[in-house]
Every structure is written in structure tokens, then in C-alpha cells.
There are 2 protein chains.
Amino acid sequence: MKTDNSGAQETSRTKENETKGKILIAAKKIFSEYPYHTASIRMIGHAAGINHPLVAYYFSSKATLFEEVLADVCEEYYKASINWFDEISQMKASSGFRLYIERIMEFTQKHPEAVRILLLNMVQSKESDAIPCYQMLQKLYERVIPLFLKTTSAKAEYHKIEMFHHNFNTLIANYLGAGAYYAGILGVDPHGPEYQRWVRENLVSLFQPLLKRLILGVNHDPG
Amino acid sequence: MKTDNSGAQETSRTKENETKGKILIAAKKIFSEYPYHTASIRMIGHAAGINHPLVAYYFSSKATLFEEVLADVCEEYYKASINWFDEISQMKASSGFRLYIERIMEFTQKHPEAVRILLLNMVQSKESDAIPCYQMLQKLYERVIPLFLKTTSAKAEYHKIEMFHHNFNTLIANYLGAGAYYAGILGVDPHGPEYQRWVRENLVSLFQPLLKRLILGVNHDPG
DNA sequence: AAGAAATTTTAACGTACGTTAAAATAAATA
DNA sequence: TATTTATTTTAACGTACGTTAAAATTTCTT
């Protein structure tokens, strides 16, 4: 049995946690490579180096495993976000924004799972066969808005800030999560510095001016 | 046999074309609801009201059928684009852009297939199990850039115009193709006028100022 | 109307899926 | 050490997949 985790023996839980951990790591990898309905327990078992029915011993179903992975990567992303905003809180808007983009790009290169899982499962087919925990995907970026508000003390109406946020996160998610698509069009290597530079320059030049106006609360474009 | 289509009898091809047409319509629907590897010949057969092996009688493989559907929707989109640019060619930039967005939104509401197929298959898992005709997806929007250049006589460097184009098309594809995701976050109906208004207002306010500068060839933000 | 050709149906192939059950092994307890 | 418990392996279930082959049916040609 794997219930009853209350205190006492520590060594006894080692084996279980080891295997469960291996499964979670493998599942994170597979679910960030294939959409939920294409990713399979067998792939995950193979990636974890175990027999696939062992997955069922630790997770009651595929949906449960997916939920746990999703909660993991969302939390990981949220905690990183807190750090980024903390780091730029004393900087001026323009340089702070540049650094924020730098951080989010570094992070996504190291931990592409959140953004990939989002892109792979965002487009729903039918309500009936929706992926588990769809709301968690919807909250992935949404939770960051309060951090933005607190750090920047932006004066613009919430409506405008929300738009900015969706635009920025949608673009960065696509450019970093579907790099092969865009880099292919641009004719560069999706993992090379050229593409990274393109994404950075693009996002900065598009959003930097807008961000300034959001923070000041200026309504219209001055051009 | 279904080869030998050379002239002469017209009536003899009726039945074949009818069924083939039904399959193409059904395939377009299914491929725009499910990613390539999740969509199935059986689903398509069911949607077309025929036995699924009959699909194999008209299309040599699932990949071939997908390619034909993809070529169809891409051509449909490209032809529509020509009309939009034609319509706005004599207008001033700001009102022309508004109308362009209006047209692209109308079109996508009526023909969501291109944008949905793009979003559903854009994120590649492995080169090994890539979806067929991935390049066609990559060319979907790219082909429109020359139309933009010709119509607007934009003065900015190609690099900047290309960025604008990817940003605009990525956002509109996501907002229109994954409406359930964003409308869910915003708390509105993805098919209602509220959401449509949000997308329109958002895109216009983000890209309108930038477009003006692209056409004039001004390099930096005046804010 | 008879025969040939095109179209549709039925049946089946090998493979993969998520999940369950039971057997086999490893670890902990007494 | 004996035995109970936890973990892992093996085998199997029912279902769905793309594709092929062979029958059955419809349509066209003569």
C-alpha cells in the first residue's frame, strides 16, 4: 500500500518516491512533446525506464498524472515570475522590461514544459473530450497579472493591462513554444542565438512603447 | 477505376465527385477539430456518412487526404486575402487596417478551418513524426506579405514588416482559433459579439500605430 | 438484357491504447 | 528467519487505429 505517509520511517518511502519522481519527470517531458490525447502511458513508462502498468500503481489514471504534472509546471512558472518581478521592481520600466524578457526567455529555454503544454492543449476540440484541468492552463498566465500590477503600479485601466498581458504572453508562448515553426519560416535554427535575438528584438520593439504608456496611464498613441 | 479523367463524359464522374466532395468536406471539419494524429479516418467517414474504408478508395492515405484539405484551405485563405487587399487598396492606412481586421474576422468566423488546422498542428513534437506538409502551414501567412507590400507600399525595412506580420497573424490566429481559451479567461462567450469586439479593439489599438510607422518608414516610437 | 467497370460494403490484418488482475520479486516487520 | 507488506513484472481485457482484400452492389457500355 502507498497510503499512510504519517511521519516515522523515512527510508521506507525512498523507493516509492524515487519511482514516482521518475514517472513525473518522464511525464513532464512527454506531455510537453505531445498533446494530451496523443501522449501515452506507454511512452511515459518507456521514458521513465519502467513497465507501463507501474504508472497505474502510482497514479490512478492518465488524467490524474497529467493534472499533477500541470500543477507542477504552473507552480514552477509562477514562482519564477515572482523572482523576475522582484528583480526588476527597482528598475525603470524600459530596462526592467528588457530584463524581464531576458529572464522569461532563459527560463523557457531551461523549462519549456509549461509553455509547450499550453500550446499543445490550448485549442479545444469539443467540450466533451476536453483535456483535464483546462482551467489550470487558462490560469497559467492570468495569475501573473497581480504581480505586474503590484510591481509597476501601472495607472492604465485594468482592461488595457489585461490586453497587453494576453498579447505579450500569447506571442512569447508561440515564439518560444513553437520555435521550430517560426524559425523555419525565418530560415534560422530555433535553438540558435539568431532566433533568440529575433524574438527579443521583436518583443521589445512591439511592447516597450506600449508598456511605458500603460504605466503612465496615457490613453492614446502619440504618433 | 478512378483514373482516366480525360474529357468526354461528364455524367459518369458525378457519383465519384459527390462522394469525394463529401469526404473532403468532412475531412476539413475533422482536421480543424483534432490534431492530425488524433483525427481519424473513421471519424471522417462517419462525418461524411460513409463507411470508413471508402475513404481509402478515394485517397491513397491519411496523409494524402490531409494534404489535399490543407492545400484547399490555404488557397481559399490566399484568395480571400487578395480580395481584402484589393478592397482596401485605395483607403487610408488607419481605416483600411480596421476594414482588413473586419474582413479577416468575418472570414474566420465563416471558414475557421485554416486557422484551426494551423494552431492544432503548429507545435511539432519530433521531426520523425511530423505532420504531412508542415511547410504548407508555414507558408500559410507568409504568402500574404507580398500582397501587403504591394498594397501599402510600406517604406520600412523588410525585417520590420516581417515581424509585424508574424505578430499580427500569430495573435489573430490564436484569438480566433482558440477563442474558447481566451473568451473563457475573459468570462465571455467565444462566439458572442462581446468577444469579437474585444479582439477587434485589442488588435487595432496594438497594431494601428505601428502600421502607420511601417508605411511611413519611421524607425522609432515617438512616445 | 448481358457483360464490364466503378463504387460501396463487409470483414479482417497487425498495432497501439488505458486499465485491470494476478503472479513474482523486493523490502520491512515480528 | 518467517511472514507480512510494498513494489514490480507479466499477461490480458476491450477498444480504436490505418490499411488491405474480397465480396456485394450499383452504374455504365455494348
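Below, chain A is the first sequence line, B the second, and so on; all start at residue 1.
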Chemist: So, is A:Thr19 near the phosphate of D:dT8, with a side-chain N or O under 4.0 Å from OP1 or OP2?
Modeler: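 Yes.
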
Chemist: Can you tell me the distance, in whole Å, between the CG atom of B:Asn51 and the P atom of D:dA22?
Modeler: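 Checked: the CG to P distance equals 19 Å.
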
Chemist: Measuring to OP1 and OP2 of D:dT8, would you say a side-chain N or O of A:Tyr58 lies under 4.0 angstrom away?
Modeler: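 A:Tyr58 to D:dT8 OP1/OP2: side-chain N or O found under 4.0 Å.
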
Chemist: Check the distance between D:dA21's P and B:His52's NE2 and give it to me in whole angstrom.
Modeler: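 Spelled out: NE2 on B:His52 to P on D:dA21 is 15 Å.
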
Chemist: Test A:Phe148 against A:Trp84 for ring pair (Phe, Tyr, Trp, His ring centres under 6.0 Å), laying out the working first.
Modeler: CA-CA 10 Å; A:Phe148 174 86; A:Trp84 305 332; over 10 Å; no

Chemist: Looking at B:Leu137, is its backbone amide N or carbonyl O close enough to the side chain of A:Tyr181 to form a donor-acceptor pair, meaning the two atoms are under 3.5 Å apart?
Modeler: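 Flag set: sc A:Tyr181 to bb B:Leu137 pair under 3.5 Å.
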
Chemist: Rounding to a whole Å, what distance do you find between B:Ile50:CD1 and D:dA24:C1'?
Modeler: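 After rounding, the reported distance stands at 17 Å.
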
Chemist: Nearest whole angstrom, please: distance from the C1' of C:dT20 to the CZ of A:Phe59.
Modeler: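 In whole Å, C:dT20 C1' and A:Phe59 CZ are 18 Å from each other.
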
Chemist: Would you mind telling me which of C:dG18, D:dT10, D:dA21 lies closest to the side-chain atoms of A:Pro53?
Modeler: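 Output: D:dT10.
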
Chemist: Considering the options B:Val69, B:Ile44, B:Leu65, which one meets the side chain to side chain contact (heavy atoms under 4.5 Å, CB included) requirement together with B:Phe59?
Modeler: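 When B:Val69, B:Ile44, B:Leu65 are each tested with B:Phe59, the side chain to side chain contact (heavy atoms under 4.5 Å, CB included) holds only for B:Leu65.
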
Chemist: Roughly how many Å is it from OH in A:Tyr57 to P in D:dT7, rounded to a whole number?
Modeler: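 Checked: the OH to P distance equals 4 Å.
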
Chemist: Looking at every strand, decide which applies to B:Ala63 at a 4.0 Å heavy-atom threshold: base, sugar-phosphate, or nothing.
Modeler: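 Counting heavy atoms under 4.0 Å across all strands, no contact is made by B:Ala63.
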
Chemist: May I have the distance from B:Ile41 (atom CD1) to D:dT20 (atom P), rounded to whole angstrom?
Modeler: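 After rounding, the gap between these two atoms is 11 Å.
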
Chemist: Quick check: do B:Tyr141 and B:Phe168 have side-chain heavy atoms less than 4.5 Å from each other?
Modeler: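 SC-SC contact between B:Tyr141 and B:Phe168 ruled out.
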
Chemist: Grab the CZ-P distance between A:Arg42 and D:dA12 for me, whole Å please.
Modeler: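 Rounded to whole Å, this separation is 14 Å.
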
Chemist: Mind calculating the distance between NE2 (B:His37) and C1' (C:dT15) to the nearest angstrom?
Modeler: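 So the two atoms are 15 Å apart, to the nearest Å.
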
